[in-house]
Amino acid sequence: MTTFDRCYNIFDLREVAKRRLPKGIFEYVDFGTADQVSLAENREAFKRIKLHTRFLVDLSKRDLGTELFGKRTNLPFGIAPTGSAGLMWYRGEIELAKAAAAAGIPFTLATGALTSMEEISKALPDSRKWFQLYPWSDEEGSYEMVTRARDLGWEALVVTIDSALGRLREHNERNGFSFPFNPNMTAAVDMLRHPGWLCRVMGRYLLNEGMPTNANFPDRYRHAVIDGKKRTRPKRFEAMTWEHIRKLRDFWPGKLIVKSVLNGDQARAAVDHGADAVVVSNHGGRAFDSAMATIDMLPEVVQAVGDQCTVILDSGIRRGSDVVKALGRGAKFVLVGRATLYGTACGGQAGAARAIQILANEMENTFGYVGVRKVSEIGPHIFASRNHGM
Ligand SMILES: Cc1cc2nc3c(=O)[nH]c(=O)nc-3n(C[C@H](O)[C@H](O)[C@H](O)COP(=O)(O)O)c2cc1C
């Protein structure tokens with residue numbers, strides 16, 4: 001029996017991850033920003049929504065799958081970009097991508113991933129793969145990565161637009177944790193206190209390939225940490241505007257997804273500049289502590305652009321019922337970040353698969369109570385009152 005067999009929900013997986021990971025890494029994943037208000041609000045907003053029960057519907061044939069960008073996905077959720085799966089488990093991004101592929105759902109590789117997109121493509125030639133971009137002021141560097149994803153034929157480019165300035169994450173500084181990985185003394189002591197993780201994860205990197213790096217960065221940035229030349233790190237794109245989205249649109253032949261849209265105006269701007277989809281996201285409460293909960297802003301975005309582009313939601317999904325609530329409020333698809341990271345930390349591919357399975361089982365259970373058999377039957381009628389629905 002593996003440790004995560006006894007994990008019955010995402011919160012159980014989180015507890016195992018907390019024990020296994022060094023504190024600095026766990027808090028990097030688990031925490032939000034500043035006073036952690038937005039992080040908590042994402043959950044509270046889901047909890048406030050109540051659903052209408054409807055029984056004695058023939059539930060004998062059920063299907064959790066749906067269509068996304070003209071193709072079937074076995075579940076209505078996929079894997080959000082997280083620049084740290086590779087610290088949850090040795091080559092964690094490949095493990096997580098394999099779990100997604102086995103479940104028949106899309107996987108997003110983050111700009112800062114520790115595994116290259118070429119390795120992911122090689123391991124999983126036929127799965128649905130999206131690449132997430134944090135645009136840099138060195139546009140040439142950004143386009144080098146986008147070109148590689150394009151040449152590999154990846155389905156979608158996810159451009160995250162909330163990163164022009166840094167984030168307030170005091171916990172990382174307190175823990176001596178930085179990402180990309182460059183541990184100081186506090187972090188080194190923290191790692192030594194977690195010998196299991198040190199052997200299973202960091203030890204294997206050090207033995208096989210050395211200190212992990214941002215594998216998708218152009219070489220001039222990728223080895224900057226190892227060389228100790230911090231000044232060669234890519235700089236945030238403080239001057240970025242919607243015109244740069246238009247430029248990426250003109251360059252990128254696949255689906256263009258704009259991530260971190262939180263209201264109707266921003267969603268309309270994304271569509272006007274060529275987005276095929278928007279992700280209603282507050283970065284899982286990790287970016288701006290005064291952000292609204294995404295599930296509360298979803299109806300406004302759906303009303304603004306729901307008939308012109310695919311509306312996706314993330315931030316705060318911990319239960320299958322949350323996925324159903326998001327679909328009920330008009331999202332076509334949902335992304336999960338921490339839920340599958342906790343799973344990856346517990347058991348690599350098998351742990352990530354467990355997280356996916358938990359969410360799917362809980363979704364199916366919710367289907368039974370709200371009386372729907374498939375995603376297309378989910379609508380505003382599932383909410384206990386109009387107030388809760390919208
Ligand atoms: C540890 C961690 C790293 C993340 N890294 C990125 C990233 O590199 N790029 C990005 O667009 N979003 C990143 N995110 C945000 C996720 O894509 C997603 O928006 C968020 O996790 C959703 O909230 P949830 O964790 O409550 O599901 C990260 C989230 C976590 C937890």
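Atoms within a ligand are numbered from 1 in the order they appear, just like the ligands themselves.
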Under the side-chain contact (heavy atoms from CB on, under 4.5 Å) test, residues paired with Tyr90 that sit two or more places apart
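With sequence neighbours excluded, Tyr90 shows a side-chain contact (heavy atoms from CB on, under 4.5 Å) to Arg204, Tyr205, Asn208, Glu209, given in chain and number order.
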side-chain hydrogen bond (donor to acceptor under 3.5 Å, both in side chains) filter on Ser281, not counting sequence neighbours, yields Asp314
Residues in side-chain hydrogen bond (donor to acceptor under 3.5 Å, both in side chains) contact with Asn172, at least two apart in sequence or another chain:
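Partners of Asn172 by the side-chain hydrogen bond (donor to acceptor under 3.5 Å, both in side chains) criterion come out as none, since no residue qualifies.
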Can you list every pair where an N/O of ligand 1 is under 3.5 Å from an N/O on the protein?
{"unit_1": "ligand 1", "atom_1": "5 (N)", "unit_2": "Gly83", "atom_2": "N", "d": "3.1"}
{"unit_1": "ligand 1", "atom_1": "9 (N)", "unit_2": "Gln132", "atom_2": "OE1", "d": "3.2"}
{"unit_1": "ligand 1", "atom_1": "9 (N)", "unit_2": "Gln132", "atom_2": "NE2", "d": "3.4"}
{"unit_1": "ligand 1", "atom_1": "9 (N)", "unit_2": "Tyr134", "atom_2": "OH", "d": "3.0"}
{"unit_1": "ligand 1", "atom_1": "11 (O)", "unit_2": "Gln132", "atom_2": "NE2", "d": "3.4"}
{"unit_1": "ligand 1", "atom_1": "11 (O)", "unit_2": "Thr160", "atom_2": "OG1", "d": "2.7"}
{"unit_1": "ligand 1", "atom_1": "11 (O)", "unit_2": "Lys259", "atom_2": "NZ", "d": "3.0"}
{"unit_1": "ligand 1", "atom_1": "12 (N)", "unit_2": "Pro81", "atom_2": "O", "d": "3.3"}
{"unit_1": "ligand 1", "atom_1": "12 (N)", "unit_2": "Lys259", "atom_2": "NZ", "d": "3.0"}
{"unit_1": "ligand 1", "atom_1": "12 (N)", "unit_2": "His283", "atom_2": "NE2", "d": "3.2"}
{"unit_1": "ligand 1", "atom_1": "14 (N)", "unit_2": "Pro81", "atom_2": "O", "d": "3.2"}
{"unit_1": "ligand 1", "atom_1": "14 (N)", "unit_2": "His283", "atom_2": "NE2", "d": "3.4"}
{"unit_1": "ligand 1", "atom_1": "17 (O)", "unit_2": "Pro81", "atom_2": "O", "d": "2.7"}
{"unit_1": "ligand 1", "atom_1": "17 (O)", "unit_2": "Lys259", "atom_2": "NZ", "d": "3.0"}
{"unit_1": "ligand 1", "atom_1": "19 (O)", "unit_2": "Lys259", "atom_2": "NZ", "d": "3.1"}
{"unit_1": "ligand 1", "atom_1": "19 (O)", "unit_2": "Ser281", "atom_2": "OG", "d": "3.4"}
{"unit_1": "ligand 1", "atom_1": "19 (O)", "unit_2": "Asp314", "atom_2": "OD1", "d": "3.4"}
{"unit_1": "ligand 1", "atom_1": "19 (O)", "unit_2": "Asp314", "atom_2": "OD2", "d": "2.7"}
{"unit_1": "ligand 1", "atom_1": "25 (O)", "unit_2": "Arg338", "atom_2": "N", "d": "2.9"}
{"unit_1": "ligand 1", "atom_1": "25 (O)", "unit_2": "Arg338", "atom_2": "NH1", "d": "3.0"}
{"unit_1": "ligand 1", "atom_1": "26 (O)", "unit_2": "Gly316", "atom_2": "N", "d": "2.8"}
{"unit_1": "ligand 1", "atom_1": "26 (O)", "unit_2": "Arg318", "atom_2": "NH1", "d": "2.9"}
{"unit_1": "ligand 1", "atom_1": "26 (O)", "unit_2": "Arg318", "atom_2": "NH2", "d": "3.2"}
{"unit_1": "ligand 1", "atom_1": "26 (O)", "unit_2": "Arg338", "atom_2": "NH1", "d": "3.2"}
{"unit_1": "ligand 1", "atom_1": "27 (O)", "unit_2": "Gly337", "atom_2": "N", "d": "3.0"}

Would you say the side-chain atoms of Ser315 and Asn282 include a donor-acceptor pair closer than 3.5 Å?
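Yes, Asn282 and Ser315 have a side-chain donor paired with an acceptor closer than 3.5 Å.
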Glu144 and Thr147: side chain donor to acceptor below 3.5 Å
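Per modelled atom types, Glu144 and Thr147 side chains form no pair under 3.5 Å.
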Verify whether the ring centers belonging to Phe77 and Phe333 lie closer than 6.0 Å.
no
